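Report on the following structure.
Values in this document were obtained by computation on a predicted structure and should not be read as measured data.
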Amino acid sequence: MSNSAQTSAGSRINALLDENSFVEVGAYITARNTDFNLTDRETPADGVLTGYGTIDGSLVYVYSQDASVLGGSLGEMHAKKIAHIYSMAIKMGAPVIGLIDCAGLRLQEATDALNGFGEVYLSQTLASGVVPQIAAVFGICGGGMAVSCGLADFVFMEEKKAKLFVNSPNVIDGNSVQKCDTSAAAFQSEEAGLVDFTGDEAAVLSGIRTLVSILPANNEDDLSYEEYTDDLNRLCEGIENSAAASDLALAQISDDGFFLEVKKAYDPSMVTAFIRLNGTTVGCVANRAQVYGSDGELETNCEAVLSARGAEKAANFVSFCDAFNIPLLTLVNVKGYKACTCTEKKIARAAARLTYAYADASVPKVTVITGEAYGTAYLTMGSKSIGADVVYAWPDAKIGMMDAAAAAKIMYADEIAKSDDSVALINEKAAEYQKLQSSAQAAARRGYVDDIIEPGETRQRVIAALEMLYTKREDRPDRKHGTV
């Protein structure tokens with residue numbers, strides 16, 4: 001193993017992988033550029049450890065940048081080592097994990113380093129949808145390396161010392177790091193939405209191991225299944241009380257309560273997460289109206305609407321699950337689109353992307369309507385009309401164009417205006433509209449809902465549906481790719 005293995009780059013690999021499983025590739029490679037007296041400086045492993053090992057016995061490829069060698073900057077041979085690891089991972093069908101601590105492009109190698117970044121980007125593009133790509137930022141991740149994180153499927157970030165940016169906070173007009181640290185983990189997870197998970201170094205490495213253990217190794221071989229110990233017919237007593245806190249509802253449904261939320265800090269009104277059902281990994285998308293802390297106390301209320309950020313977050317997640325043949329479960333509780341200037345700038349395109357992602361996905365798709373399901377915001381959330389295989393609704397679910405009272409006010413505006421008791425008339429007409437057009441029963445009679453189920457039966461019914469859909473095959477029109 002190279003001398004670089006004794007640094008933090010090597011210790012991170014050892015902490016991440018199964019004990020004594022790491023095999024280094026390219027240990028003797030160093031920088032070959034001779035400009036600016038670079039040959040006078042030691043560049044062990046050219047600043048990046050590359051190789052393979054196992055996590056819980058499953059093969060993974062890994063590279064770990066060494067900040068003690070020219071700041072971990074990316075040069076020609078540094079990039080070639082990473083690209084080579086990607087090439088091996090694609091051939092073998094195993095995930096790639098990048099442990100990042102990089103000062104950016106190596107100035108002494110300029111054009112060669114710039115070309116190296118391009119080679120890494122090409123490798124990531126070819127691997128996209130073939131093997132899972134995970135990036136974890138522990139130190140500096142600036143400029144071109146931040147773009148590399150954007151090409152990864154999942155991004156982890158150390159919450160205190162790590163910095164991730166394309167432009168440094170201090171070079172942004174009107175900004176400074178004291179005013180708004182755009183490179184911090186909080187900003188990148190809460191505002192930018194690039195980072196999926198944050199925590200200290202130990203938590204990040206542990207989180208990567210957990211994520212790898214539940215993901216397929218590649219787009220053809222599913223190694224994510226594990227033996228389950230939970231009862232397939234277990235009832236979820238009281239799950240209806242968690243309709244607004246869909247993360248808690250999903251944890252109740254999952255085998256042994258397993259729940260791994262992705263991009264939790266980015267628009268909490270939309271949940272994207274992985275659970276286990278019958279031992280199989282299932283991707284979940286759900287609207288959330290209440291957020292509870294780890295202490296069980298209510299932290300914040302969210303409006304039950306679809307926002308541009310939430311749609312974007314869900315669309316990316318659905319696309320990932322479809323690429324790796326992970327079944328989708330959607331819990332719907334949405335009454336429309338978020339109404340604000342910022343959302344209006346992007347909502348049409350973002351909702352279109354989510355609609356496209358669901359409609360284009362060919363994996364098994366099960367939807368459960370737990371509350372309100374109004375307007376085209378509901379259609380976007382994995383409805384029957386855009387390709388859901390099975391749609392269930394809880395008895396009190398409301399499904400339709402809009403809230404019954406709002407519809408009554410529009411339809412009977414003249415009568416209401418002339419009425420001596422407008423409130424009573426609105427309530428009467430709303431109840432009539434609710435029964436005829438906005439109830440779960442009305443949707444089921446029209447075939448838009450396959451069955452009305454008791455909330456406590458949700459786990460067993462979803463498991464049964466996914467079991468039935470296990471051999472699903474669905475053709476798509478012949479084309480190169482879509483454009484949404």
Does the pair R288 and N333 meet the rule for a side-chain hydrogen bond (donor to acceptor under 3.5 Å, both in side chains), with working shown? CA-CA 7 Å; R288 174 165 52 193; N333 182 17; over 6 Å; no
Answer yes or no: are there more than 12 heavy-atom neighbours, outside K163 itself, under 6.0 Å from its atom NZ? yes
Hey, does I386 have a side-chain heavy atom less than 4.5 Å from the side chain of T355? yes
Between F197 and F154, how do the two ring planes meet: parallel, tilted or perpendicular, split at 30° and 60°? tilted
Kindly say whether F138 contributes a backbone atom to a donor-acceptor pair with the side chain of D101 at under 3.5 angstrom? no
Side chain to side chain, I326 and P216, heavy atoms closer than 4.5 Å: yes
Run the salt bridge (charged side-chain N to carboxylate O under 4.0 Å, His left out) check on D389 and K472 step by step: do they pass? CA-CA 10 Å; D389 299 297; K472 176 186 174 182; 2.8 Å; yes
How about V462 and L277: do any of their side-chain heavy atoms sit closer than 4.5 Å? yes
Using modelled atom types only, decide if a donor and an acceptor are shared between the side chain of T370 and the backbone of V332 within a distance under 3.5 Å. yes
Report yes or no: does K365 contribute a side-chain atom to a donor-acceptor pair with the main-chain N or O of L329 at less than 3.5 Å? no
Under 3.5 Å donor-acceptor pairs involving side-chain atoms of residues 236-245, not counting sequence neighbours:
residue : atom : partner : partner atom : Å
N241    : ND2  : G238    : O            : 3.4
S242    : OG   : Q252    : OE1          : 3.4

Got L49 and E24 here, is their nearest side-chain heavy-atom distance under 4.5 Å? yes
Set out, in order, the CA-CA distance, both residues' side-chain angles and the distance that settles side-chain hydrogen bond (donor to acceptor under 3.5 Å, both in side chains) for N115 and E119, then state yes or no. CA-CA 6 Å; N115 182 72; E119 292 179 350; 3.2 Å; yes
Main-chain N/O of T54 paired to S21 side chain as donor or acceptor, under 3.5 Å: yes
If you define the side chain from C-beta out and look only at heavy atoms, does anything of Y86 sit under 4.5 Å from Y63? yes
In Å and rounded to the nearest 0.5 Å, what is the CG to CD distance from L74 to E76? 10.5 Å
Establish, yes or no, whether a centroid distance under 6.0 Å links the rings of F317 and F274. yes
With a 3.5 Å distance limit and no angle check, can you tell me whether K313 reaches the backbone of M270 through a side-chain donor-acceptor pair? yes
Is the backbone of L354 close enough, under 3.5 Å, to the side chain of T380 for a donor and an acceptor to pair up by distance? no
Residue set satisfying side chain to side chain contact (heavy atoms under 4.5 Å, CB included) with I172, at least two apart, ordered chain then number -> N167, N175, T182
For the backbone of G174 and the side chain of K179, can you confirm whether one donor and one acceptor N or O come within less than 3.5 Å of each other? yes
Determine all donor-acceptor pairs shorter than 3.5 Å in which one atom belongs to a side chain in residues 296-308; sequence neighbours excluded.
residue : atom : partner : partner atom : Å
S307    : OG   : D267    : OD2          : 2.2
S307    : OG   : G310    : N            : 3.0

Between the side chains of N278 and T280, is a donor N or O closer than 3.5 angstrom to an acceptor N or O? no
Verdict with supporting geometry, S58 and D56, side-chain hydrogen bond (donor to acceptor under 3.5 Å, both in side chains): CA-CA 6 Å; S58 296; D56 291 337; over 6 Å; no
Are any side-chain N or O atoms of Y266 and backbone N or O atoms of V195, one a donor and one an acceptor, separated by less than 3.5 Å? no
Short side-chain to backbone donor-acceptor contact, R459 and D231, under 3.5 Å: yes
Is the shortest heavy-atom distance from the side chain of L469 to the side chain of V366 under 4.5 Å? yes
Can you list the steps and then say if D66 with S68 is a side-chain hydrogen bond (donor to acceptor under 3.5 Å, both in side chains)? CA-CA 5 Å; D66 184 1; S68 70; 2.7 Å; yes
Under 3.5 Å, side chain of Q124 to main-chain N/O of S148, donor-acceptor pair present? yes
Looking only at side chains, do T330 and Y358 share a donor and an acceptor under 3.5 Å apart? yes
